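Here the structure is a predicted model, which means the values were calculated and not measured. Computed over heavy atoms, backbone and side chain alike; hydrogens, waters and symmetry mates excluded.
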Amino acid sequence: TPIKTNVRIVAATNKDLRISIAQGLFREDLFFRLNVVPIRLPPLRERVEDIPDLVRHFFSLVEKEGLPRKQVDSEAMDAMRRYRWPGNVRELENLVRRLAALYPQETITAPIVEAELQPATAAPGFAGPGAAPERAETLSGSVERHLTHYFGGFGDNIPPPGLYHRILREIEPPLIAAALAATRGNQIRAAELLGLNRNTLRKKIRELDMQVVRTPR
């Protein structure tokens with residue numbers, strides 16, 4: 001039975017879908033159905049003029065949640081503007097929440113901000129004039145840096161149990177997606193690349209609800 005609807009679909013992604021189409025990871029016909037009015041939201045590092053307003057907004061939110069009132073001095077704000085924010089606005093919000101919860105002083109200074117952001121500066125880090133080129137980071141080094149920052153967010157406490165399996169669940173989808181992209185959606189070749197049985201790979205693709213589209217070379 002036909003049912004009339006009046007809806008508007010808003011879709012968001014942090015990937016370049018044209019590249020995903022070429023890699024066989026996204027359906028081209030779906031892309032053209034969705035691609036009516038594309039809007040690009042620049043990352044936070046490209047719109048640092050928004051940082052003061054966002055900081056005030058997040059401090060206002062945490063104050064309503066019962067945390068003490070805070071403000072940031074001009075040098076601390078400059079430190080935030082220099083930072084590259086690989087985690088975008090969500091990373092900024094988490095920083096503000098830490099500052100409000102962990103520091104007793106009413107005015108947050110630059111050394112506090114730089115100390116809080118320091119664990120993440122080994123890779124993206126602070127952008128400065130004349131900075132030396134960054135060395136390529138190994139996967140193990142990247143994971144170690146991420147875990148150091150992750151554990152640091154809990155202060156004197158430790159993360160909830162099950163960390164081992166949570167990490168494996170986070171690593172598995174991008175690893176399988178990269179293998180499928182490299183083999184243009186050929187699951188047999190992707191299974192060989194990963195060293196998995198093809199049925200095991202197909203099961204994982206179903207469990208992860210991954211869209212796989214084969215494309216010719």
Which pair of heavy atoms, one from [X] and one from [Y], lies closest together, and at what distance?
| X | Y | answer |
| --- | --- | --- |
| I51 | M80 | CD1-O, 3.6 Å |
| R81 | D78 | NH1-OD1, 2.9 Å |
| A79 | V113 | CB-CG1, 4.2 Å |
| R166 | P160 | NH2-O, 3.2 Å |
| L67 | A101 | CD2-CA, 4.2 Å |

Cluster link [X] to [Y], ILVMFWY, side chain under 4.5 Å:
| X | Y | result |
| --- | --- | --- |
| L41 | L34 | no |
| L193 | I205 | no |
| V36 | L17 | no |

Pair R40 + E46: basic N to acidic O under 4.0 Å: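 The answer is yes: the pair qualifies as a salt bridge.
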Salt-bridge contact E106-K70 (side-chain N to carboxylate O under 4.0 Å):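 No salt bridge links E106 with K70.
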Residue pair E91 / Y83, side-chain donor-acceptor N/O under 3.5 Å: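 Yes, because at least one side-chain N or O of E91 sits under 3.5 Å from a partner of the opposite role on Y83.
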If you round to the nearest 0.5 Å, how far is [atom2] of [Y] from [atom1] of [X]?
| X | Y | atom1 | atom2 | result |
| --- | --- | --- | --- | --- |
| M77 | S74 | CE | OG | 9.0 Å |
| K204 | L175 | NZ | CG | 10.0 Å |
| I176 | E207 | CD1 | CD | 9.0 Å |
| L201 | R189 | CG | CZ | 13.0 Å |
| E192 | N186 | CD | CG | 8.0 Å |
| L117 | R84 | CG | CZ | 13.5 Å |

Check whether any side-chain heavy atom of [X] lies under 4.5 Å from a side-chain heavy atom of [Y], and answer yes or no.
| X | Y | value |
| --- | --- | --- |
| I188 | T183 | no |
| R98 | E116 | yes |
| E114 | R82 | yes |
| I108 | D73 | no |
| L25 | I19 | no |
| P86 | R45 | no |
| E75 | P111 | no |
| V89 | F58 | yes |

So does [X] have more than 12 non-hydrogen atoms from other groups sitting under 6.0 Å from [atom1]?
| X | atom1 | result |
| --- | --- | --- |
| R47 | CZ | yes |
| L102 | CG | yes |
| I158 | CD1 | no |

Taking [X] for the side chain and [Y] for the main chain, is one N or O donor matched with an acceptor at less than 3.5 Å?
| X | Y | result |
| --- | --- | --- |
| T200 | L196 | no |
| T13 | K15 | yes |
| W85 | R90 | no |
| D16 | R18 | yes |
| N88 | L44 | yes |

For R27 and D29: C-alpha separation, side-chain torsions, deciding distance, then whether salt bridge (charged side-chain N to carboxylate O under 4.0 Å, His left out) applies. CA-CA 6 Å; R27 291 174 57 113; D29 59 336; 2.7 Å; yes
One pair to check against salt bridge (charged side-chain N to carboxylate O under 4.0 Å, His left out): R97 and E93. What are the steps and the verdict? CA-CA 6 Å; R97 290 183 177 277; E93 180 181 6; 3.4 Å; yes
